[in-house]
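Read the structure below first, then the notes.
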Amino acid sequence: MVQTMIALGKMQLKRYNIYKSNFYLFTFNRIIEVVVYIFVWQAIYYQTGNAGGFTIEEMTTYYILVITFSSFALWGINEDMAHSIRNGQINRELLNPISYFKYYFGVNLGELAFATVVGFATFIICSFFWQLVLPVNLLDFILCIFVMILGVPITFFIQMIVGTVGFYTNSIWGMQILRKAIIQIFSGIIAPITLFPLWFQEISKWLPFKELIYTPVNIWLGNVEMNEIFFIIIKQIIWGIILYFIARIFFNHAVKNITINGG
Amino acid sequence: MPIIEVKNLVKQYKIIEKQDGLLGYFKNLIKPQYKKIIAVNNINFEIKEGELVGYIGENGAGKSTTIKMLTGLLTPTSGKIVVNGLIPNEKRIQNNKNIGAVFGQKTQLWWDLPVIESFRLIKKIFKIPENEYRKNLKRFTEILDLEDLLDKQVKNLSLGQKMRCEIAATFLHNPKIVYLDEPTIGLDVFVKENIRKFIKEINKEKKTTVILTTHDLKDIEDVCDRIILLDRGQIIYDGEKQKFKDIYGKYTLAEIIVSSKNLSVKDKLQSNVFEIIEENEKEMKIKFKHDETTIVKIMNDISEYCVIEDIHMRESELEDILKEIYKGAYKNGANNDSIRKNAIKKI
Amino acid sequence: MKKILDNISLYLSFLKISLKEILIYRLDCIVGIISQLIVQAVSLIFIFIVFQNTENIAGWNFRQILLLYGVTRIAIGISGYCFDGLYDIGPKYMQNGEFDKILLRPVHPLISIIGASREFVSLADFFIGLGITIYMLIELSIPITILLVVKIIFFSVIGALIIGAINTIFSISSFWTYKSNEVIWSFYNIYAFAEYPIDIYNRFIKILITLILPFAFVAYYPTMDYLGLNNYMLYLSPFIAIILWIIAVKLWNIALNKYRSTGT
């Protein structure tokens with residue numbers, strides 16, 4: 001089973017490899033995405049000597065890590081899935097001797113592998129232009145990666161939910177933007193969550209998005225206490241389970257619909 | 001023990017009745033009007049391992065619906081399907097391990113990768129043992145002539161090349177049953193022949209059960225031993241191909257080129273041993289049975305009304321028989337009953 | 001000239017069809033508009049957060065930055081509505097082989113593609129931009145004269161044309177990459193360059209957004225003018241739009257020829 005999923009992931013990664021330009025374009029775009037934010041904070045820092053309570057090095061590192069990690073949280077299979085629903089390819093995929101979820105989880109692994117490569121390249125390139133803060137100890141680094149990995153099922157199930165919308169609409173374009181925007185707001189891509197109003201911080205504490213980017217970045221920067229991490233891990237697992245059931249029920253409902261009414 | 005068992009199978013769709021105009025559009029939004037359509041109406045059949053079955057019928061007769069139910073992609077409204085001991089729509093994934101399917105132009109090949117990559121993935125997904133995979137790949141490459149295609153990206157293949165690869169991909173895991181829904185649509189004669197040859201050989205070698213739907217009756221003529229004929233959701237014939245032809249097809253078709261013809265021969269000449277199917281100023285198409293009359297007698301009769309210039313004859317083929325059936329020739333009176341009876345006898 | 005007018009009228013009739021198409025998929029449309037509002041929220045949230053930490057950015061205060069934001073959004077909204085079809089080249093046309101169908105039409109493929117723009121939801125962008133612009137003009141007590149209205153309309157259209165031309169250039173990548181829409185989405189982020197005064201950027205980026213990808217002409221120079229800050233750069237923008245479109249079409253044609261000769 002795991003082997004099959006890895007094979008699927010490799011297939012997806014190979015698709016990206018066929019178009020070499022993808023890699024350069026995506027990396028370039030990641031960097032562009034963050035540059036504006038960094039410049040705005042720099043302007044503020046030079047005026048006031050303060051960037052939202054951070055030093056400018058910390059703020060810059062924050063945004064560069066955000067962008068390094070963001071493809072990992074934002075990319076996935078929902079587009080491919082909706083596409084296959086729209087053109088009827090889904091009938092073929094349902095005839096695989098592996099469940100649809102496992103099939104797409106495999107494909108998603110390919111997406112994540114590519115996101116990792118792009119993220120890594122983004123980080124390396126940015127480190128030439130800006131002074132970056134590195135993790136103080138190895139444990140922080142490992143925990144940071146661990147929390148990122150816990151986010152994988154969460155983003156995957158969200159992708160499946162958005163992809164399933166494709167059964168009901170012509171395109172999932174709007175849903176995709178919605179998904180992306182929600183993650184951007186709640187995961188701290190726009191700005192560190194501590195700069196948001198208190199009520200917002202309270203909400204984001206209970207939602208799963210913060211742990212996709214904001215928390216790993218802060219673990220990297222050494223801003224998270226060890227006892228908090230335990231709570232974070234439990235929360236991620238619970239959210240993983242909740243989203244799994246939502247995705248499952250929604251998808252099964254949609255598939256039941258087509259097996260009764262035809263494709 | 002049949003490999004496929006279908007009993008009293010019914011599939012009914014509920015579709016929203018589209019209404020015209022803006023008002024109708026809003027009416028539908030609030031309270032949609034449903035229309036019931038019976039796609040498959042109480043069909044029964046059994047298929048034994050290794051059979052080559054042609055599942056035929058006009059567009060909308062319910063062929064694809066049946067295939068989709070057999071693969072588990074559609075849930076029957078009522079009735080029972082057992083494939084290989086499993087109920088497909090309940091145990092879809094388990095069932096998938098034993099089956100292969102080609103749906104028209106839908107593909108299991110990855111669009112932008114070389115063909116061989118998709119084959120390797122199929123090997124992983126279906127857990128095909130290495131030596132089995134090699135053996136099949138070699139054999140299939142040979143019959144379907146895939147040698148030069150394997151390293152090409154799927155998007156760069158022509159339709160025929162793509163279908164050859166698709167067929168190979170479908171048989172790669174030695175499925176017990178293969179459903180081929182219009183595999184030859186839009187292909188040239190050579191590719192069609194190639195694919196037919198492949199199906200026959202694999203069937204002989206591996207006892208693969210094949211269910212084939214097609215509009216090209218040459219496929220059936222070439223590949224299948226048995227025919228299931230569907231009309232408006234019901235089976236109207238189920239039995240051996242040869243028998244089908246024997247019973248309904250023992251007539252000869254003749255095209256007679258004529259001149260100096262100014263009247264309608266059909267109106268003048270009433271005969272119960274031959275039938276004029278078509279006629280115009282220069283040509284007549286007639287149909288007769290060899291044991292009832294001869295072409296010489298017919299020509300004699302016709303020559304009273306015109307001058308015969310030339311004549312072409314051929315034995316009726318499956319296509320002619322089906323045309324007749326669709327036209328309703330066998331739907332009225334005794335003939336229709338005999339088809340029905342035959343179908344029932346078979347079951 | 002006649003050829004250009006012909007193409008424009010063709011383009012408009014395509015646009016009408018695609019508007020009808022979008023009305024059929026209501027659900028898509030509603031979700032689209034909501035998503036657009038949230039995307040707006042993303043940018044606005046950042047501005048609000050920034051101004052909790054400072055009084056001004058490069059001498060621009062909160063209201064002035066919001067005006068700049070509103071003006072940018074008007075242009076982006078118009079261009080989103082008119083040129084959105086470019087985003088579909090990869091996923092919609094290339095992957096399905098539909099692109100060849102477009103090549104067979106007796107119309108330049110660019111017209112067909114741009115004409116199929118379905119991005120009705122950009123109007124949400126446009127109206128939010130308009131709302132913010134008007135509100136900020138009042139807040140900043142800038143008199144809304146007829147001249148100003150004419151200027152805003154004129155330079156917004158020019159701004160939309162500049163964005164459209166840049167999109168056209170970048171859409172060339174769709175000929176060769178898988179998932180070009182991901183690429184294009186990232187360009188929403190490039191637009192963000194236009195949302196702040198160019199003084200905050202370093203020299204390299206200043207040159208980039210005035211000369212190479214002239215986003216500064218989309219909103220920054222026009223807004224300076226609306227604010228009564230003297231600048232003459234503004235009057236260059238129509239010429240820049242024209243030059244950019246010429247370059248875009250030329251490049252697109254070159255890419256198309258190359259694509260045709262290598263084939264699929």
Side-chain angles (χ1 to χ4, degrees), chain A residues 1-22 77 79-80 83-107 109-111 114 167-168 248 251-263, chain B residues 11-16 34 37 39 64-65 67-77 88-114 117-118 120-128 153-155 166 169-170 173 175 179 181:
Chain A
M1 190 57 65
V2 176
Q3 268 193 346
T4 311
M5 288 197 272
I6 290 171
L8 279 161
K10 274 190 194 156
M11 287 293 270
Q12 186 72 357
L13 194 58
K14 275 178 195 154
R15 294 180 77 185
Y16 279 109
N17 273 351
I18 287 209
Y19 309 101
K20 292 272 186 309
S21 50
N22 267 337
I77 45 73
E79 176 98 3
D80 284 348
H83 198 250
S84 106
I85 293 167
R86 193 164 55 232
N87 64 19
Q89 188 67 26
I90 186 173
N91 277 337
R92 267 259 42 120
E93 286 161 358
L94 287 173
L95 287 181
N96 283 321
I98 168 173
S99 82
Y100 199 78
F101 269 61
K102 283 173 191 149
Y103 181 87
Y104 267 106
F105 190 76
V107 178
L109 286 181
E111 292 275 332
F114 188 63
F167 280 102
Y168 304 96
R248 194 87 226 192
F251 180 78
N252 285 354
H253 177 78
V255 166
K256 207 172 147 197
N257 240 336
I258 65 158
T259 62
I260 288 171
N261 291 319
Chain B
K11 179 70 203 177
Q12 201 177 52
Y13 292 115
K14 224 165 54 172
I15 59 165
I16 296 176
Y34 289 104
I37 286 183
S64 293
T65 306
I67 299 281
K68 277 191 176 172
M69 283 193 281
L70 288 171
T71 52
L73 288 176
L74 270 180
T75 313
T77 309
N89 67 299
E90 284 173 12
K91 289 261 157 55
R92 199 185 57 237
I93 288 168
Q94 217 180 323
N95 181 48
N96 288 348
K97 287 177 187 156
N98 300 317
I99 66 166
V102 172
F103 289 124
Q105 308 301 342
K106 303 275 174 302
T107 176
Q108 54 185 321
L109 306 171
W110 289 51
W111 187 76
D112 35 17
L113 292 180
E117 297 284 357
S118 295
R120 280 189 200 127
L121 181 73
I122 288 167
K123 179 189 160 217
K124 276 267 159 80
I125 291 185
F126 282 93
K127 301 196 170 52
I128 309 170
Q153 274 174 276
V154 175
K155 64 171 182 178
E166 181 73 28
T170 308
H173 62 290
Y179 305 98
D181 195 358

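Reminder, nothing fancy here: chain letters follow the sequence lines and each chain counts from 1. Atom set for the values below is all heavy atoms of this structure, side chains included, hydrogens, waters and symmetry mates excluded.
Note: A/N96 leads A/N96, A/N17, A/V255 in heavy-atom pairs under 4.5 Å with chain B. When A/L95, A/I98, A/T4 are compared by the number of non-hydrogen pairs under 4.5 Å with chain B, A/L95 comes out ahead. Comparing B/N89, B/T71, B/I122, B/T107 by heavy-atom pairs within less than 4.5 Å of chain A, the highest count is held by B/T107.
With a threshold of 4.5 angstrom between heavy atoms, B/K127 approaches chain A through side-chain atoms but not through N, CA, C or O. Heavy atoms closer than 4.5 Å to chain A are found nowhere in B/Q94, neither backbone nor side chain. With a threshold of 4.5 angstrom between heavy atoms, A/I6 does not approach chain B through any atom at all. With a threshold of 4.5 angstrom between heavy atoms, B/S118 approaches chain A through its backbone and through its side chain. Contact of B/I99 with chain A is made through the side chain alone, with heavy-atom distances under 4.5 Å.
Counting all heavy atoms, side chain and backbone alike, A/P97 lies closest to B/I125 at CD-CG2, 3.4 Å. Nearest heavy-atom pair across A/K14 and B/E117 is NZ-OE1, 2.6 Å. Looking at every heavy atom in both residues, B/L121 comes nearest to A/M11 through CD1-CG, 3.7 Å.
Summarising the local packing, NZ of A/K10 is surrounded by 12 or fewer heavy atoms from other residues, nucleotides or ligands at distances under 6.0 Å.
The backbone N or O of B/L73 lies less than 3.5 Å from no partner atom in the side chain of A/N91, so there is not a single donor-acceptor pair. For the pair A/R15 (side chain) and B/D112 (backbone), a donor-acceptor distance under 3.5 Å is absent. Checking side-chain atoms of A/R92 against main-chain N and O of B/A101 turns up a donor-acceptor pair under 3.5 Å.
Distance check, rounded to the nearest 0.5 Å: NE2 of A/H83 to CH2 of B/W111 gives 9.0 Å.
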